[in-house]
2 protein chains.
Amino acid sequence: MVTTEPGSGRPLRGTSPRSPSVKDVAVAAEVSLGTVSNVLNRPDRVSERTRERVERVMRELGFVRNESARQLRAGRSSTIAYVMLDATNPFFTDVAQGIEEAAEHADMSLFICNSDNRAAREARYLQRLQQQRVQGILITPVNPDDPTLDEVSRHGTPVVIVDRVGSIENHCSVAVDDVLGGRVAIDHLLDMGHERIAVVGGPQSIGQVRDRFTGARAAMQDAGRSPDDLAVVGTDALSVSEGRSAGERIAGMPRSSRPTAAFCANDLLALGLLQQCVALGISVPEDLAIVGYDDIDFAAAAAVPLTSVRQPRRDLGRTAAELLLDEDSNAEHAHQQILFTPELVARGSTRHS
Amino acid sequence: MVTTEPGSGRPLRGTSPRSPSVKDVAVAAEVSLGTVSNVLNRPDRVSERTRERVERVMRELGFVRNESARQLRAGRSSTIAYVMLDATNPFFTDVAQGIEEAAEHADMSLFICNSDNRAAREARYLQRLQQQRVQGILITPVNPDDPTLDEVSRHGTPVVIVDRVGSIENHCSVAVDDVLGGRVAIDHLLDMGHERIAVVGGPQSIGQVRDRFTGARAAMQDAGRSPDDLAVVGTDALSVSEGRSAGERIAGMPRSSRPTAAFCANDLLALGLLQQCVALGISVPEDLAIVGYDDIDFAAAAAVPLTSVRQPRRDLGRTAAELLLDEDSNAEHAHQQILFTPELVARGSTRHS
DNA sequence: ATCAAGTTTTGAAACCTTTCAATTCAGGGT
DNA sequence: ACCCTGAATTGAAAGGTTTCAAAACTTGAT
């Protein structure tokens with residue numbers, strides 16, 4: 001590690017003790033303060049000549065609007081926020097992209113926070129966002145039943161739940177039908193003729209995991225099989241490394257009873273599992289077929305392309321943001337719960353070549 | 001897609017027309033407004049009894065500090081921002097995690113923005129952040145020589161360049177030595193006995209790409225080979241899909257002149273290339289050895305684990321944030337350029353088994 | 001009782017922008 | 001010359017918080 005310092009120290013410090021305000025502009029342009037404001041907010045009300053003069057002064061002085069004062073006066077900001085559950089999971093970054101699209105379209109700023117799956121951090125962010133008087137909060141909550149969420153919206157800051165379903169009493173929500181997704185995955189594996197199927201994922205405290213597994217059991221039931229035939233391989237998180245460890249456990253099972261297919265609660269797990277299988281000489285899909293969930297870009301890019309349950313990630317984000325913006329602007333707004341349908345994308349990890 | 005609406009409409013709307021202010025609290029607690037502020041900011045100056053009473057009233061009224069007013073008075077916020085280049089690249093999300101660590105430690109809020117590699121969007125964010133009077137801006141710029149960056153810091157908002165080196169006159173920067181990284185990668189491939197090496201990446205407008213390739217050429221030179229012996233496979237972006245397309249082009253070369261090794265400008269490219277090779281029956285590393293760059297988590301998780309040049313991503317972020325905070329608080333602050341050293345992590349994609 | 005030395009509380013000013021009613025201005029019509 | 005109209009400009013108030021000098025109160029000592 002190399003460090004360089006400039007000889008001169010801090011060259012430009014102290015040059016601008018305070019940035020110029022509308023007042024300074026008004027004085028320099030020899031107009032009233034109200035006129036400066038008009039230039040900023042209703043340029044059509046200002047004569048051509050004055051407007052140009054004021055604008056020139058603004059440039060010369062380097063005037064930058066003070067958003068705090070603006071908000072204070074206006075009572076509300078033009079910022080919305082997304083509190084995401086896990087910034088390192090591509091699923092959520094794609095959702096965020098969708099949100100950003102909608103926010104940009106509505107000329108709103110988007111403030112992204114990462115709760116990192118920690119309730120305490122989530123709570124801290126919620127409080128800060130309320131203090132900032134953001135226009136609304138999109139959140140994939142650690143726990144969708146957390147009463148804090150209700151408090152926030154009761155308090156006047158609209159909240160939209162993303163990728164979970166909250167109480168319809170208090171907020172809109174946009175999610176994908178995880179139960180159906182679980183069903184689809186298992187149906188596919190049954191179609192492929194698999195008899196011994198494992199479900200990989202956890203902890204059960206994560207709603208997405210519960211729902212996907214519920215769907216998996218339902219699919220078994222409908223196929224005339226007992227839901228208990230599913231071998232449950234639990235994990236502590238939905239990460240690549242947990243997937244690897246699940247792979248070790250599966251590899252350790254006696255060949256005769258070892259599952260021939262695994263349904264993973266998300267793609268990170270599936271990729272870890274896939275890697276471990278390859279490392280241990282279990283071929284995919286011949287010895288073990290694998291289905292993931294989310295269809296992140298890396299799923300298709302794996303050396304054995306991963307079959308996965310695709311969710312409309314961008315749409316999810318965009319729709320959520322649109323609901324939020326509607327709640328902000330439309331007095332007639334009624335809370336809605338929108339449920340998207342997932343879709344199986346079959347690739348090499350389940351297809352015999 | 002299914003939509004549900006609640007029968008009752010919007011249950012709690014209009015309940016809180018305006019959230020209570022310090023003034024409301026003061027009235028309800030029968031103290032002066034200054035005392036309420038003291039409870040908030042200097043609780044030790046307030047008698048036990050009064051403090052409790054005021055706090056109780058705050059809870060009852062559901063008082064939430066108005067951050068705009070606070071900032072307006074204080075002249076500065078307690079927020080810093082990171083303008084990231086590509087939210088879907090795990091490298092940057094890891095950097096962001098490092099920043100967040102430092103910010104959390106200093107009890108600052110972090111505002112994350114995604115320029116998505118677009119200069120216009122970056123400019124828009126910079127302007128908004130200045131308007132918000134953030135305490136400082138961390139940025140991985142689309143173009144580190146953009147004069148806008150200098151303007152921003154001249155204007156009083158400290159700017160720290162992350163993963164690039166800017167003008168030391170005006171800002172600190174924290175980067176990893178990309179030239180060295182390129183060197184290390186090629187040295188490794190030469191060590192493994194490769195003669196025909198390709199470099200994959202682009203566009204050249206991206207500084208990271210230029211530097212890594214410069215290092216690659218230097219390594220050739222030092223090994224007594226001509227830099228021109230490197231076959232350059234250009235791409236339009238640093239993405240998985242561009243990596244796949246590069247793979248097609250390499251596969252299309254005649255066997256006799258086809259490179260036996262490829263150095264990719266980042267891991268996304270390398271993963272795409274790897275996938276395409278597998279799909280086209282080119283075995284890795286026997287027919288083509290691959291070195292990536294960044295060592296993102298997915299690199300190790302690929303079915304053929306990827307050799308890659310690791311950068312201390314979290315440290316990068318943390319250090320950058322610390323420099324920014326120093327610039328905010330330390331009058332003696334001198335701009336620094338910190339350069340971290342990358343490190344090669346050899347894995348299966350270059351190792352003959 | 002009185003005073004000094006704290007401790008606690010108060011009230012007013014300041015931060016910067018926006019809004020809106022009121023004022024001034026310019027020009028045309030009589 | 002005068003009035004009217006519409007356009008342009010002004011000035012003051014408001015919004016919620018923090019700060020700080022000044023005022024009020026407490027306590028203990030004389």
Side-chain angles (χ1 to χ4, degrees), chain A residues 16-55 57-58 61-79 128 130-134 155-156, chain B residues 16-55 57-58 61-79 127-128 130-135 155-156:
Chain A
S16 51
R18 186 183 58 88
S19 66
S21 71
V22 269
K23 203 163 157 188
D24 300 320
V25 174
V27 170
E30 297 177 303
V31 293
S32 82
L33 196 148
T35 300
V36 178
S37 178
N38 282 335
V39 170
L40 250 19
N41 303 299
R42 298 182 216 64
D44 44 306
R45 302 259 167 103
V46 180
S47 78
E48 178 92 356
R49 264 184 60 250
T50 327
R51 188 163 51 72
E52 274 170 5
R53 183 154 39 98
V54 171
E55 282 171 346
V57 170
M58 283 181 174
L61 263 51
F63 170 78
V64 177
R65 245 190 183 129
N66 183 325
E67 186 62 23
S68 301
R70 186 180 163 73
Q71 281 185 206
L72 176 56
R73 184 65 235 262
R76 10 157 285 172
S77 68
S78 62
T79 304
R128 293 221 166 154
Q130 275 190 285
Q131 292 182 353
Q132 311 235 15
R133 301 290 192 274
V134 295
H155 217 278
Chain B
S16 50
R18 186 184 58 88
S19 66
S21 71
V22 270
K23 201 161 158 189
D24 300 321
V25 174
V27 171
E30 298 177 303
V31 292
S32 81
L33 196 148
T35 300
V36 178
S37 178
N38 282 335
V39 170
L40 248 21
N41 303 298
R42 296 181 217 66
D44 44 306
R45 302 260 165 101
V46 180
S47 77
E48 178 92 358
R49 264 185 60 249
T50 324
R51 188 163 50 73
E52 275 170 4
R53 183 154 39 96
V54 172
E55 282 171 346
V57 170
M58 282 181 174
L61 263 51
F63 170 78
V64 176
R65 244 193 186 125
N66 183 326
E67 185 63 22
S68 301
R70 185 181 164 73
Q71 282 185 206
L72 176 56
R73 183 66 233 256
R76 10 154 286 173
S77 68
S78 61
T79 303
Q127 189 186 347
R128 292 222 167 153
Q130 274 189 286
Q131 292 182 353
Q132 311 234 13
R133 300 291 191 274
V134 294
Q135 280 277 68
H155 215 278

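Remember, it's a predicted structure, so these values are computed and weren't measured experimentally. Reminder, nothing fancy here: chain letters follow the sequence lines and each chain counts from 1. All heavy atoms count here, side chains included; hydrogens, waters and symmetry mates do not.
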Quick one: [X] [atom1] to [N] [atom2], roughly how many Å, whole number?
X        : N      : atom1 : atom2 : result
A/Asn66  : C/dC15 : CG    : C1'   : 8 Å
A/Gln132 : D/dG16 : CD    : P     : 17 Å
A/Leu72  : D/dA14 : CG    : P     : 13 Å
B/Gln131 : C/dC16 : CD    : C1'   : 13 Å
A/Arg76  : D/dG16 : CZ    : P     : 15 Å
A/Arg49  : D/dT9  : CZ    : C1'   : 13 Å
B/Lys23  : D/dT18 : NZ    : P     : 15 Å
A/Arg45  : D/dG6  : CZ    : P     : 15 Å

Think [X] has a side-chain N or O under 4.0 angstrom from the OP1 or OP2 of [N]?
X       : N      : value
A/Thr50 : D/dT9  : yes
B/Arg70 : D/dT18 : yes
A/Arg65 : C/dT18 : yes
A/Asn41 : C/dT18 : yes

Counting any heavy atom closer than 4.0 Å, what does [X] reach on the DNA or RNA strands: base, sugar-phosphate only, or nothing?
X       : result
B/Ser47 : sugar-phosphate
B/Thr35 : base
A/Gly34 : base
B/Val36 : nothing
A/Asn38 : base

Closest to the [X] side chain, choosing from [options]:
X       : options                : result
B/Leu40 : D/dT18, D/dT10, D/dT17 : D/dT18
A/Phe63 : C/dT10, C/dT17, D/dG16 : C/dT17
B/Val22 : D/dT17, C/dC16, C/dT18 : D/dT17
B/Leu33 : C/dC16, D/dT18, D/dA12 : D/dT18

Fill in: Spacing of B/Arg65 atom CZ and A/Gln130 atom CD [to the nearest 0.5 Å]
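It comes to 13.5 Å.
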Discussion item. Can you confirm whether more than 12 heavy atoms, excluding those of A/Glu52, are under 6.0 Å from its CD atom?
Written reply: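 It does: A/Glu52 CD has more than 12 such atoms within range.
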Practice prompt. Could you say whether B/Arg51 or B/Ala74 is positioned toward the 5' end of DNA chain C, judged by the nucleotide with the nearest heavy atom to each?
Written response: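 The residue whose closest nucleotide sits nearer the 5' end is B/Arg51.
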Worksheet item: Any N or O donor-acceptor pair linking the side chain of A/Arg73 to the base of C/dT18 at under 3.5 Å?
Response: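 Per atom types, the contact qualifies.
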Worksheet item: Can you list the steps and then say if A/Val54 with A/Phe63 is a side-chain contact (heavy atoms from CB on, under 4.5 Å)?
Response: CA-CA 11 Å; A/Val54 171; A/Phe63 170 78; over 6 Å; no
Discussion item. Using only atom types and a distance under 3.5 Å, with no angle test, would you say the side chain of B/Asp24 pairs donor to acceptor with the backbone of B/Ser21?
Written reply: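 Yes, B/Asp24 side chain to B/Ser21 backbone: donor-acceptor pair under 3.5 Å.
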Worksheet item: Do you see a donor-acceptor pair shorter than 3.5 Å between the side chains of B/Arg133 and A/Ser19?
Response: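 Distance-only check passes for B/Arg133 and A/Ser19.
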Worksheet item: If you look at every heavy atom in A/Ser68 and B/Gln71, which pair is closest and at what distance?
Response: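 Minimum heavy-atom contact is OG-NE2, 2.7 Å.
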Fill in: Pairwise 5' ranking along DNA chain D for B/Arg42 and B/Ser68, keeping only the more 5' one
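The 5'-side residue here is B/Ser68.
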